Structure formats: structure tokens, C-alpha cells
Amino acid sequence: MTFFKKMKDKLTKQTDTVTEKFKSGLSKTRNNFSGRMNEIMARYRKVDEDFFEEIEEVLIGADVGFDTAIEVVSELKQEVKLRNISDPKDVEAVIVEKLARIYQGEEETEPTINLQKEGLTVILFVGVNGVGKTTTIGKMAHLYKTQGKKVVLAAGDTFRAGAIDQLEVWGERVGADVIKHGEGGDPAAVIFDAVQSAKAKGADILLCDTAGRLQNKVNLMNELEKVKRVIAREIPNAPHEVLLVLDATTGQNAFVQAKQFKEVTDVSGIVLTKLDGTAKGGIVIAIRNELKIPVKFIGLGEKMDDLQPFNAPEYVYGLFADFIDNNKDAAD
Ligand code: GDP
Ligand code: MG
């Protein structure tokens, strides 16, 4: 399996701590997937229609998306025929390879954040309540602070006082200024002040929190448009990123949210949070394959350093580590 060897080789360029983070953060998904696969492999003596049906169920259960699951299984059938595989145990390598290739995507390079070389980069965070916007802002502020950048946070979720306090706590924790108004204030006014302040301080990055209320699409659209207009008036071409935050544990619901947000605003990337808390890491495939929005960051816990830039080889390794380790030396 030269494919797995190549995959492993790609990892060595990364630091061990990154690999370890992906591996431990994705352990629930990995254990769930390999557990269910092993169980199927042990139960079937031959590769037949029922066998394929069960594989399809496991994939759908792992949130890879309905269309993708059907696609993988149909390719799998062809491959099994082509290679003349009759022992279910030999199918696993093919499945993992197929999934790994899809996770990898076409792109050789990983999606990045559109950071400006000079001047202020403005990043807007959108998403419904509870998905992890504020926490992600805190983690991302920490990430950029450790890279020596000057970071300012805008408390644009003025809907609840608790949201403003929460952002302030993160600001103190990571050492970033927080620009805020009172509860119930106009988010666009807060963000206007924050842009002014960040520019005056010569900050590198401004991270803007928002309240994601989807109850009324027209209101949300108007509110986001107003915020974006205010930013663009101060800095042409800004915001440089609009990141949609989605909670991986909500599965298909996250999918529906992504579709809805896509309709109200231009989303430039997705942050998928709480991947540590779910056994369904297939959601990354569904989002990439079926929504065509790049996943730029993933959340693997609640702590400051539990945010990772999305990296396909690391992710795939996190999902199938034991399998890849066992097969990397196998011959084709
Ligand atoms: P917001 O309403 O979108 O701003 O969401 P919050 O940032 O307040 O987060 C909601 C809850 O999710 C909090 O308890 C966070 O600690 C938790 N959370 C956020 N990201 C992650 C993650 O990657 N992993 C886990 N396990 N919890 C997370
Ligand atoms: Mg919040």
C-alpha cells in the first residue's frame, strides 16, 4: 500500500505535537469507526450485497453524507471486482484508501486564512448560538498572539450580556484588547469602533464576534450586510474572511445551517468545532464534498490551544492512525 506510506511521509513534515493533537482529538471518531468496521469484517465470510449495505450504513452513520456514502460504496464495489477480492478483511484497506483520498481532496495545499501582508486583517465570525464562535475567537486570538501579532477583539454579539463578558475573559486570558458596548447595542456600531481602535493601535488582526440569530433570515441578512458595509467603508476589501462556525456534534443540523448561511452572506470558510466530542468525524467530508466550502479550522477541545488549522493528511491520520501504521509497510 504505497498510498499509506506516502500519507505517513506527509506527516513527518509536521511536528509531532500537531499529529498528537489530531490523533487524540479524533479518538472518539476513530474508535467508533474502526470498532464498527472490525465488527462487520469479523461477521462476514464473503463480500456480498449485505456486506456492502452494512458498510454504507456505517458511512452514513459517520456523517460522511448520504451522497458521498453511496459514491464510496459504488466505487468500492468496482474496486473489489477489479482486484478480485473475496475476503471481507481485504476490503478494509480499500475503504480507508477511498475515504483518505476524498478527505485529501484535489488540492495539494491546505486552505489558509487570507491574512493581509500589511495593515489590518478583519475576520468576521458568524453562526448560530452555542456553536463555539466566542471560544473559537479566543483560541484564534491566542494562535495569532503566539505568532507575535497584535490582536483586537470586537464584542459584536450584543444580544446577551453574558456573551460580552465571555469575550472579555478570553481577551484577558490571551492578552488581546476587547472593544465592547452595552448589552442590546448596535453590533455594527461596536464593530465600527473596533475597526477604528484596531487601526489606531496598529493592530494586525481584528476578530469580530456576532450574534447568530437565524430566526429571521431577512433580519440576519440585513444585520450582517450592515456590519460588512461598516467594515468595508473603513478598509476596502474587508472583511477579509467570513468564517461560519459549525458544531460537528449536531451533524446534519450543521449542514442545514451552512446552507442557510450561504444564502444570506458570502462565507469564505468554515470552522468546525467540537470534533473531540463526536464520534462522527465524517462531517468534514460531507461539508467539503457537498457544500464546497473549505474547512479552515477545527476545534478539538475547549482550551486555548485546542484549535488547529485544517490539515487533510493529519486529519486522515487522526481518523485511521492504527490502520495506517499497520499498513504503511505493506507491499502493493
Ligand atoms: P457561541 O454561542 O457560538 O459563541 O459558542 P461558545 O463559544 O460560547 O461555545 C459554546 C460551548 O461550546 C462552550 O461551552 C464552549 O466551551 C464549547 N466549545 C467550543 N468549541 C469547542 C470544541 O472545539 N470542543 C469542545 N469540546 N467544546 C467546545
Ligand atoms: Mg458567543
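The first residue in the sequence is number 1, and the count goes up from there. Whatever order the structure lists ligands and atoms in, that order sets their numbers, starting from 1. Basis for what follows: all heavy atoms, side chains included, without hydrogens, waters or symmetry-related copies. This structure is a prediction, so every number in the text was calculated from the model and none was measured.
- Every atom of ligand 1 is numbered from 1 in the order shown, and the set under 4.0 Å from a heavy atom of Gly132 is 1 (P), 3 (O), 5 (O), 6 (P), 7 (O), 9 (O), 19 (C).
- At least one heavy atom of Val131 sits under 4.0 Å from some atom of ligand 1.
- Contact annotation: for Val128 versus ligand 1, heavy atoms closer than 4.0 Å belong to the backbone alone.
- On a distance-only criterion, Glu302 and ligand 1 share at least one N/O pair closer than 3.5 Å.
- The distance from ligand 1 to the heavy atoms of Gly299 drops below 4.0 Å at these ligand atoms: 23 (O).
- Leu207 and Val190 end up in different hydrophobic clusters when Ile, Leu, Val, Met, Phe, Trp and Tyr side chains are linked at under 4.5 Å.
- A donor-acceptor distance shorter than 3.5 angstrom exists from the side chain of Thr29 to the backbone of Thr278, with no hydrogens or angles considered.
- Checking only distances, Thr136 never comes within under 3.5 Å of ligand 1, N or O to N or O.
- Residue-level proximity to ligand 1 for Gln308 is absent, since no heavy atom of it falls below 4.0 angstrom.
- The Leu300 neighbourhood of ligand 1 comprises atoms 23 (O), with distances under 4.0 Å to a heavy atom of that residue.
- One finds a salt bridge joining Lys226 and Asp186 here, because a Lys/Arg side-chain nitrogen approaches an Asp/Glu carboxylate oxygen to under 4.0 Å.
- Every atom of ligand 1 with a heavy atom of Gln166 under 4.0 Å away is listed here by number and element: 6 (P), 7 (O), 8 (O).
- For ligand 1, the atoms sitting less than 4.0 Å from at least one non-hydrogen atom of Asp276 are 22 (C), 23 (O), 24 (N), 25 (C), 26 (N), numbered in the order shown with element in parentheses.
- By the 3.5 Å distance cut-off applied to N or O atoms, Thr135 is counted among the residues near ligand 1.
- Listed by chain and number, the residues in a ring pair (Phe, Tyr, Trp, His ring centres under 6.0 Å) with Phe310 are Tyr315 (sequence neighbours excluded).
- Heavy atoms of Gly301 come nearer than 4.0 angstrom to ligand 1 in at least one pair.
- Checked by atom type, the side-chain pair Ser268/Glu241 shows a donor-acceptor distance below 3.5 Å.
- When only interatomic distances are considered, the shortest N/O to N/O separation between Asp209 and ligand 1 does not fall below 3.5 Å.
- Heavy atoms of Gly277 stay at 4.0 angstrom or farther from ligand 1.
- The nearest protein atom to atom 18 (N) of ligand 1, hydrogens excluded, is given as Lys274 CE, 3.8 Å; this is a heavy-atom distance.
- For the Mg ion (ligand 2), the neighbouring protein N/O/S atoms at less than 2.8 Å, given as residue and atom, are Thr134 OG1.
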